[in-house]
Amino acid sequence: MKKKIIQSTTAHFENNFQNSPEHIFLSPGRINIIGEHVDYNDGFVLPAAINKYICFAVSQNHNSECVLIAKDLNETYRFDLKDEIKPVNIMWVNYILGVVHQLKEKGADLKGFNVVFSSNIPMGAGLSSSAALECGIGYALNKIFDLHLSKKEIALIGQKSEHTFVGVNCGIMDQFASVFGKKNKVIKLDCTSLEYEYHKADFNNYSLLLLDSNVKHTLLTSGYNDRRNEVEQGLEIIKEKFPEVATFRDCNEKMLSDLKETLGDLLYKRCNFVVKEIQRVQAAVTALENSNFVQLGQLMSETHHGLSQEYEVSCDEIDFMVNAVQNEKSVLGSRMMGGGFGGCSINLVEKGSENDLIEKIAKQYKTAFGIELKAYKVKVSKGTTKYKK
Ligand code: GLA
């Protein structure tokens, strides 16, 4: 899979620039086992990079112009580093311009470059193709122009670029997972301190199966930013009553129920999800360490219930997919993954049962919504890297 995308991206570069690229980089998408919508709420998350990538073929061009080619879209965009870098109305371009803008702000000595990129990460499926693009370009420019940025800085630049040039007030999980991913390891990330530890991605007789609703999360930007505002409001109210609370991490369910009336229904639901989800991640790490997959699956299913009923970021199609596997003996847990409003569910499934399950659910899904279900069996893989020829 890696080879194919590297070959086709390289060939496209050669056709367009009449020479071979000096560098090839691969930047992966991510899954998240558990810990959804808590990265911007001082929680913990448990993501991992996967074997689906954006491939970048890049060379310096020794002038100040940058030429960006999105192979899959067959589109080219040019800009000059001497000009002011501002968002444009082409979405994919903004992911790259945002990073270049951040680097310029930091005083990086950038020079012109030519880049072709191509992706096998499904877009809008909750697998963070956007973080892969931001981090891939940041990582590449860091290497090529010797910018001496740490991996953490590259992830933070990606996140900031998404805030400023794309307009999604995202947390740090996706960029962090894309850059820090390790083969066969999940990352337990403390989203407050950015301290992290790796845990074995060993699911014994089970595997992680992604089912793609094929519903693109077009509501994501507004819905996501709305949720952020809601929980910020909620936290302010909690802090007023309980001055010992600095973040959601210091908060418990009892405090929330004491404040139920003041918070009102909506903010109570949102905050209650956050507090419980932070606890679930801790419990999930213990379950994973103890190879207690029944427990892990159950926690994943509880997360889905919260995302759907309390945080309200699921949609009918994903709820259907999750409910449909609920009574399957081969499935230990299932939940919506990523920002929501469409995209994939992540399922903890008995090895060997995947194909039958996919066939069964796809049929039911097609009957219910008239939409083809897609499925991805992913491997936990290495983070953003320079590919050595
Ligand atoms: C998106 C954001 C992440 C995170 C998830 C939900 O993927 O980019 O920062 O908040 O949604 O967990």
Side-chain angles (χ1 to χ4, degrees), residues 27-50 52 91 94-95 98-99 121-135 152 155-181 186-192 194 196 210 212 216-232 247-248 270 273-278 280-281 284 299-300 302-304 306-308 310-315 318 335-346:
S27 192
R30 64 101 190 90
I31 51 170
N32 184 25
I33 313 295
I34 199 163
E36 220 64 91
H37 283 275
V38 287
D39 60 345
Y40 54 89
N41 281 316
D42 292 284
F44 302 89
V45 290
L46 200 59
I50 53 171
K52 289 192 179 290
M91 196 44 111
N94 285 332
Y95 290 104
V99 171
I121 309 171
M123 305 241 306
L127 299 178
S128 291
S129 52
S130 43
L133 183 50
E134 292 148 4
C135 295
K152 214 176 259 183
L156 288 166
I157 285 171
Q159 181 195 23
K160 186 116 186 243
S161 132
E162 185 135 352
H163 291 181
T164 51
F165 272 57
V166 182
V168 180
N169 257 331
C170 64
I172 189 63
M173 170 170 77
D174 303 349
Q175 291 79 7
F176 204 93
S178 188
V179 176
F180 282 86
V186 296
I187 310 167
K188 182 190 176 198
L189 173 65
D190 175 331
C191 300
T192 307
L194 295 191
Y196 60 99
L210 304 181
D212 185 350
K216 300 294 166 211
H217 50 205
T218 39
L219 279 175
L220 183 64
T221 307
S222 60
Y224 191 96
N225 292 344
D226 286 350
R227 292 301 172 276
R228 259 201 104 144
N229 293 335
E230 288 160 3
V231 284
E232 269 166 28
T247 72
F248 274 112
R270 304 292 193 253
F273 167 77
V274 171
V275 168
K276 287 190 291 184
E277 182 70 353
I278 293 176
R280 274 192 289 264
V281 179
L299 291 162
M300 289 167 66
E302 281 171 24
T303 290
H304 183 76
L307 287 166
S308 170
E310 295 180 316
Y311 219 64
E312 296 181 284
V313 287
S314 186
C315 59
I318 302 262
R335 64 174 201 83
M336 180 211 103
M337 192 180 72
F341 306 101
C344 285
S345 68
I346 179 167

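Only heavy atoms go into these numbers, but all of them, side chains included; no hydrogens, no water, no symmetry mates. None of the values given here were measured: they were computed from a predicted structure. Counting convention: from 1, in listed order, for ligands and their atoms alike.
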Quiz item: Counting from 1, what ligand 1 atoms have a heavy atom of Arg30 closer than 4.0 Å?
Solution: 7 (O)

Quiz prompt | Polar atom proximity, Asp39 to ligand 1 (N or O, under 3.5 Å) | solution = yes

Practice problem: Using the six-membered ring wherever Trp is involved, compare the ring planes of Phe176 and Phe180 and label them parallel, tilted or perpendicular (cut-offs 30° and 60°). | Solution: parallel

Quiz item: Among Tyr224, Phe341, Phe273, which residue meets the ring pair (Phe, Tyr, Trp, His ring centres under 6.0 Å) test with Tyr311?
Solution: Phe273

Quiz item: Do the side chain of Glu277 and the main chain of Gly35 share a donor and acceptor less than 3.5 angstrom apart?
Solution: yes

Quiz item: Any idea which atoms of ligand 1 are less than 4.0 Å away from a heavy-atom of Tyr224?
Solution: 1 (C), 2 (C), 3 (C), 4 (C), 9 (O), 10 (O), 11 (O)

Exercise. List every atom of ligand 1 that sits less than 4.0 Å from any heavy atom of Met173, numbering the atoms from 1 in the order shown and giving each element.
Key: 4 (C), 5 (C), 12 (O)

Quiz item: Do side-chain atoms of Asn41 reach the backbone of Ile278 as a donor and acceptor pair under 3.5 angstrom?
Solution: no

Practice problem: Would you mind finding which of Cys170, Pro47, Gly339 brings a heavy atom closest to atom 11 (O) of ligand 1? | Solution: Gly339

Quiz item: Any nitrogen or oxygen of Gly171, main chain or side chain, under 3.5 Å from a nitrogen or oxygen of ligand 1?
Solution: yes

Practice problem: Among Asp39, Ile172, Leu46, find the residue that satisfies the side-chain contact (heavy atoms from CB on, under 4.5 Å) test when tested with Leu189. | Solution: Ile172

Quiz item: For ligand 1, which atoms have a heavy atom of Gly338 less than 4.0 angstrom away?
Solution: 6 (C), 11 (O)

Quiz item: Of the choices Asn169, Asp174, Asn41, which has the non-hydrogen atom that lies closest to atom 8 (O) of ligand 1?
Solution: Asp174

Exercise. Report the C-alpha separation of Lys276 and Glu310 in whole Å, then their side-chain angles, then the decisive distance to 0.1 Å, and conclude whether the salt bridge (Lys or Arg N to Asp or Glu O under 4.0 Å) test is met.
Key: CA-CA 11 Å; Lys276 287 190 291 184; Glu310 295 180 316; 3.3 Å; yes

Practice problem: Please could you name the atoms of ligand 1 that Tyr40 approaches to less than 4.0 Å, counting only its heavy atoms? | Solution: 10 (O)

Practice problem: Indicate whether the side chain of Arg335 and that of Thr303 have a donor and an acceptor atom separated by less than 3.5 Å. | Solution: no

Quiz item: What about Ser128: any of its N or O atoms under 3.5 Å from an N or O on ligand 1?
Solution: no

